[in-house]
Amino acid sequence: MDFTLNEDQTAFQDMARRFAEDAMAPHAADWDENSVFPEETLRAGAALGFGGIYCSGEHGGSELTRLDAAIIFEELAAACPSTAAYISIHNMAAWMIDSFGDDGVRAKFLPKLMTMEWFASYCLTEPGAGSDAASLKTRAVREGDHYVLNGAKAFISGGGRSDVYVCMVRTGDQGPGGITCLAVEAGTPGLSFGGQERKLGWHSQPTSAVIFEECRVPVENRIGAEGEGFKIAMKGLDGGRINIAACSLGGARAGLDAGRAYIKERKQFGRALAEFQALQFKLADMATELEASRLMVHKAASLLDAKDPGATQACAMAKRFATDACFAIVNEALQLHGGYGYLRDFPVERWLRDLRVHQILEGTNEIMRLIISRTLLKD
C-alpha cells in the first residue's frame, strides 16, 4: 500500500496547480460576482487534457485513471470550486459516451468534447424525480429512425449553454429497466431551456431546466442499448461522486490555507491569533479532517479503477464523508476570519457557498447513507 504519488501523478498535479493559480484563481471572484462562464479558460484547460481526463485516447482523451482525475480536480478546485465542478460534470458526460456509445456516436461527439469546443451536460434529475431518479417521467417514443422526447430536466449544469445533453429518458415501462440514455444536441427543434437559476453558489456555471417538446432525436444518438440508461447513469455517478468529493478537497484545502495564514497575521489581545491554543486545536482538527477525506477519496478512486465490486459503496462513503467534512472545514475557516470572513473581499465565503451544494448533487448525502446501509445489510 503506497500513499505517495508516482512521477507522472506529481507532474500533472503540478501542471494542474500552475494552471489553477495562473488561469483560474485571479479571475474566480469576477466569475462568481458576474456569473461568468469562462469558456476560453475551460478550453485552455482542455488543451492540457482536462476535457477528457479518463476518456480513451482514440478521440483525444487523456487516458488517465480516476485517481489521477481526483488529484487534478483537487488542484483546480483550490482556485475555483465552481469551475472545477463543471469540468468534472463535462468529464462524466464525455466518459459515458466514450464507455457506452457505439463507434458512430463516439466519433460524432468525442473529438469536440475532448477539446471543449463543445460542452456537455448530464441530465438525470427532473422536477418530480430527484433522489428517486428511477421514477423519471421524460418520455421518448420511437418513431422510425428518431425518438420523440417530451418532458423536462431540472438543475442542469450547463443548461442553456452546453452543446451536448446526455439525457436519461423513459422508453419502456416504469422503473429503472425502462430508461434509455440519449445524447441531445443543442439546436435540436423542440429543445428549450428555462431561465437561469439564481443560486447560492456555483455562479461560474449556468444552470437551468432543460425542456423537451416533441423533440426529435436520432436513434444514432443513443448511448448503449434501450433499457440500459439507468445502469449507465449510475456508473457515471460512481465516478461523479469521486470527482465532486475531490472538488470539496480543493475548496477545503484553500480554506485551511487561508485560515492558517490569517491567524498567523491577525493580532488580538496583544498577540497573534495563532498563539491561542483553542485556535491551534481548531486548525489541527481541520487538517486532520482534510487528510482523512483525501485518503477516503483516493481509496475509492483506486477501487473504481480496479473495478472492485466494493467500489460503489466506497464512492458513496467517500462522497458522504468528504463533502460533509470539507464544508465544515471551510465553515471553520470563515469563523477563523471573524467578521472579515463574511465579506466578499475575502474568498472564503465564496468557497463556502460553492461547497455547500456538493452535499446535495451526485446523490444527496442521505442517499449515500442509503447506498452504504443497503450494502451492509445485503445477504
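Side chains are part of it too, since the values below use all heavy atoms of this structure and drop only hydrogens, waters and symmetry mates.
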Ignoring hydrogens and geometry beyond distance, is a side-chain donor-acceptor pair present between Ser82 and Asp32 at under 3.5 Å? no
Can you list everything that forms a salt bridge (charged side-chain N to carboxylate O under 4.0 Å, His left out) with Arg266? Sequence neighbours excluded, please. none
Sorted by chain and number, sequence neighbours left out, side-chain hydrogen bond (donor to acceptor under 3.5 Å, both in side chains) with Asn150 holds for Glu214
Going only through I, L, V, M, F, W and Y residues with side-chain contacts under 4.5 Å, is there a path from Leu237 to Ile372? no
Please collect all ring-ring contact (aromatic ring centres under 6.0 Å, His included) contacts where either partner lies in residues 63-92, sequence neighbours excluded, each pair once. Phe37-Tyr86
Is the shortest distance from a Lys or Arg side-chain nitrogen in Glu362 or Arg241 to a carboxylate oxygen in the other one below 4.0 Å? no
Are Ser131 and Glu366 linked by a side-chain donor-acceptor pair shorter than 3.5 Å? no
Could you check whether any side-chain N or O of Thr171 sits under 3.5 Å from a backbone N or O of Ala140, counting only pairs where one atom can act as donor and the other as acceptor? no
Could you give all pairs that pass the salt bridge (charged side-chain N to carboxylate O under 4.0 Å, His left out) test and reach residues 86-111, with sequence neighbours left out? Glu58-Arg106, Asp98-Arg106, Asp103-Arg106, Lys108-Glu185, Lys108-Glu220
Report yes if some heavy atom in the side chain of Met114 is under 4.5 Å from a heavy atom in the side chain of Cys55; otherwise report no. yes
Taking atom types as modelled and ignoring hydrogens, do the side chains of Thr125 and Lys153 form a donor-acceptor contact shorter than 3.5 angstrom? no
Regarding Arg344 and Glu33, does a basic nitrogen lie under 4.0 Å from an acidic carboxylate oxygen? yes
Student check: side-chain heavy atoms of Leu336 and Leu273 closer than 4.5 Å: no
Remaining members of the apolar cluster that contains Leu370, side-chain heavy atoms under 4.5 Å: Ile367, Met368, Ile371
Any Lys/Arg nitrogen of Lys307 or Asp305 sitting under 4.0 Å from an Asp/Glu carboxylate oxygen of the other? no
Ring pair (Phe, Tyr, Trp, His ring centres under 6.0 Å) with Phe230: which residues, sequence neighbours excluded? none
Applying salt bridge (charged side-chain N to carboxylate O under 4.0 Å, His left out) as the test, list every pair that has at least one member in residues 321-342; sequence neighbours left out. Lys282-Glu332, Arg320-Asp324, Asp324-Arg369
State whether Arg294 and Glu291 are salt-bridged, where the test is any N-O pair (Lys NZ or Arg NE/NH1/NH2 against Asp/Glu carboxylate O) under 4.0 Å. yes
Excluding Ile156, membership of its hydrophobic cluster (Ile, Leu, Val, Met, Phe, Trp, Tyr; side-chain heavy atoms within less than 4.5 Å) reads Tyr147, Leu149, Tyr165, Val169, Leu182, Val184, Leu191, Phe193, Val210, Phe212, Val217, Val219
For Gln313, is there any backbone N or O sitting under 3.5 Å from a side-chain donor or acceptor partner on Thr375? no
Do we see a donor-acceptor contact under 3.5 Å between the side chains of Gln205 and Ser157? yes
Got a donor-acceptor contact below 3.5 angstrom from the Ser99 side chain to the Met96 backbone? no
Backbone N or O of Lys137 within a donor-acceptor pair of the Glu126 side chain at under 3.5 Å? yes
Would you check if the side chain of Arg43 reaches a backbone N or O of Gly45 as a donor-acceptor pair within less than 3.5 Å? no
Apart from Leu377 itself, what residues make up its hydrophobic cluster when side-chain heavy atoms of I, L, V, M, F, W and Y under 4.5 Å apart count as a link, directly or indirectly? none
If only side-chain N and O atoms count, and only distance matters, is there a donor-acceptor pair under 3.5 Å linking Thr288 with Asp285? no
Where at least one partner belongs to residues 281-329, residue pairs that pass ring-ring contact (aromatic ring centres under 6.0 Å, His included), sequence neighbours excluded: none
Table please: side-chain donor-acceptor pairs of residues 242-258 below 3.5 Å, with sequence neighbours left out.
from: Asn243; atom 1: ND2; to: Tyr54; atom 2: OH; distance (Å): 3.0
from: Ser248; atom 1: OG; to: Ile244; atom 2: O; distance (Å): 3.4
from: Ser248; atom 1: OG; to: His358; atom 2: ND1; distance (Å): 2.7
from: Arg253; atom 1: NH1; to: Glu74; atom 2: OE2; distance (Å): 3.2
from: Arg253; atom 1: NH1; to: Glu75; atom 2: OE2; distance (Å): 3.0
from: Arg253; atom 1: NH2; to: Glu75; atom 2: OE1; distance (Å): 3.1
from: Asp257; atom 1: OD1; to: Arg260; atom 2: NH2; distance (Å): 3.0

Non-hydrogen side-chain atoms of Val357 and Leu200 separated by less than 4.5 Å: no
Tell me every residue that passes ring pair (Phe, Tyr, Trp, His ring centres under 6.0 Å) with Phe100, counting only those two or more places apart in sequence or in another chain. Trp95
For Ser88 and Asn91, test the side chains for any donor-to-acceptor distance below 3.5 angstrom and give the result as yes or no. no
